[in-house]
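Below: one structure, written as structure tokens.
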Amino acid sequence: MIKSRICEILGIKYPVFQGGMAWVADASLAAAVSNAGGLGLISSVNAGTEAVRNEVRKCKELTDKPFGVNIMLQAPNAGEIARMVVEEGVKILTTGAGSPAQYMEEWKAAGIKVIPVVASVALALKMQAIGATAIVAEGAESGGHVGELHTMPLIPQIVDAVEIPVIAAGGICDGRGVAAALMLGADGVQVGTRFLCAEECTVSQAYKDKILKASDVSTIVTGKTLGHPVRSLKTPFSKTFAKMESDPSVKPEEILAYGTGALRKAVKEGDNNGSYMAGECAGMVKKIEPAKDIIEDLIGGAEKLIREAQTRFLA
Ligand code: TUI
């Protein structure tokens with residue numbers, strides 16, 4: 001069994017977080033992950049604040065284990081969500097795409113453990129200074145909004161800089177990734193892409209099929225020219241988006257308008273004009289299976305490798 005200090009801090013069995021994927025991470029997926037011993041997370045990016053409140057309430061009915069909410073700080077309703085999680089008694093938050101500094105006082109007073117997602121040492125230090133319980137360090141292999149650095153150099157540099165537990169994210173998909181993250185000094189992992197193919201994940205069948213068909217070179221980062229790089233599967237949508245970005249006659253507003261609502265279309269409708277956000281490890285996801293089996297494979301796989309390493313590599 002693999003354990004770390006984050007398990008005791010959060011009251012979870014395994015140090016595995018499920019990514020708080022926008023439009024994707026709902027009560028069905030979060031409760032399945034939490035029931036299997038990981039940390040399930042509900043995304044705040046959904047059809048409004050009340051829809052997210054509803055998912056929180058559903059999750060409380062589906063599990064008696066700890067779960068959390070991921071707050072996308074660039075969303076226009078981030079302030080509303082920040083209040084709603086206090087009202088609903090949510091005890092664990094992860095935050096992404098910005099600094100949660102303005103909410104920390106209220107959340108800490110409510111006894112909430114805050115775990116910001118960061119992509120640099122500077123932000124990790126800032127988050128520790130404002131009272132973060134732990135941080136998720138997310139490398140650019142991940143799906144969705146990405147930073148500059150990749151997981152291999154990002155994790156050890158952040159681990160060296162902070163005292164709080166570091167959860168590694170970006171490119172982690174099986175026991176090998178988990179073992180590697182622990183060797184880099186992380187106290188746990190966050191996995192997104194593989195959970196897209198969990199049985200309990202409610203995304204469109206087209207989304208799951210596209211992940212299962214993906215290869216090593218199936219993802220692309222678009223949005224750099226807008227200051228908002230996003231990794232997603234190569235599709236007619238993302239290729240058109242990339243073309244618009246490289247055409248100087250296309251205005252940034254037109255590109256933004258083209259992208260608006262595209263993630264929801266992929267998740268809910270399986271539309272070819274959707275944005276299928278996914279990480280570089282999409283090519284490693286081979287089947288649809290229960291969240292419990294994914295967690296057991298991640299943990300069991302890492303444990304086996306760590307045991308074998310003693311005889312494989314030590315003279
Ligand atoms: O947030 C993410 N990943 C996301 S958010 C998202 S929603 C979306 N929908 C439509 C279009 C685009 C996005 C999809 N994927 N990951 C966490 C993360 N946060 N990674 C990196 C950061 C980050 C980046 C900049 C955190 C803070 C930051 O700057 C903070 C500051 O103010 O200095």
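We count ligands from 1, going down the list as the structure has it; atoms in each ligand are counted the same way.
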### Query
Is it the side chain, the backbone, both or neither of His145 that has a heavy atom closer than 4.0 Å to ligand 1?
both
### Message
For atom 20 (N) of ligand 1, which of the options Arg264, Glu138, Gln74, Arg231 provides the nearest non-hydrogen atom?
### Response
Glu138
### Distance from atom 7 (S) of ligand 1 to nearest protein heavy atom, with residue and atom
Met72 CE, 3.4 Å
#### Entry: Sub-4.0 Å atoms of ligand 1 with respect to non-hydrogen atoms of Ala22
7 (S)
### Query
So, Lys292 and Glu199, do they make that salt bridge, N to O below 4.0 Å?
no
### Message
Determine whether Arg264 and Glu269 satisfy the following criterion, salt bridge (Lys or Arg N to Asp or Glu O under 4.0 Å), listing intermediate values before the conclusion.
### Response
CA-CA 8 Å; Arg264 193 200 63 78; Glu269 291 157 29; 2.8 Å; yes
### Query
Should the pair Glu8-Lys3 be classified as a salt bridge under the 4.0 Å nitrogen-to-oxygen rule?
no
#### Entry: Which of the ligand 1 atoms, numbered from 1, are nearer than 4.0 Å to a heavy atom of Gly144
14 (C), 15 (N)
### Query
Given that the side chain starts at C-beta and the backbone is N, CA, C, O, which of these parts of Met21 lies under 4.0 Å from ligand 1, counting heavy atoms, or is it both or neither?
neither
### Message
Starting from atom 12 (C) of ligand 1, what is the nearest protein heavy atom, named by residue and atom, and what distance separates them?
### Response
His228 NE2, 3.3 Å
### Query
Taking NZ, NE, NH1 and NH2 as the nitrogens, is one of them in Asp26 or Lys58 under 4.0 Å from a carboxylate oxygen of the other?
no
### Query
Does the pair Glu245/Lys224 count as a salt bridge with the N-to-O cut at 4.0 Å?
no
#### Entry: Side chain, backbone, both or neither: Met277 near ligand 1, heavy atoms under 4.0 Å
side chain
### Summary
Tightest non-hydrogen contact, residues Tyr258 and Pro236, listed as OH-O, 4.4 Å
### Task
Using a strict cut-off of less than 4.0 Å between a Lys/Arg side-chain nitrogen and an Asp/Glu carboxylate oxygen, indicate whether Glu87 and Arg53 qualify as a salt bridge.
yes
### For Val230, the ligand 1 atoms whose distance to one of its heavy atoms is below 4.0 Å
12 (C)
### Summary
Among Ser44, Ser232, Gly98, Ala262, closest by heavy atom to atom 26 (C) of ligand 1 is Gly98
### Message
My understanding is that we take every heavy atom of each candidate and find the minimum distance to atom 31 (C) of ligand 1. Doing that for Ala119, Ala97, Pro229, Ser99, which one comes out nearest?
### Response
Ser99
### Message
Check this for me: Glu148, atom CD, are more than 12 non-hydrogen atoms of other residues, nucleotides or ligands nearer than 6.0 Å?
### Response
no
### Task
Please report which non-hydrogen protein atom sits nearest to atom 17 (C) of ligand 1, along with the residue it belongs to and the distance in Å to one decimal place.
Val117 CG1, 3.3 Å
### N-O pairing of Arg307 and Glu303 below 4.0 Å
yes
### Query
Of the backbone atoms (N, CA, C, O) and the side-chain heavy atoms from C-beta on, which set of Leu123 has a member under 4.0 Å from an atom of ligand 1: side chain, backbone, both, or neither?
side chain
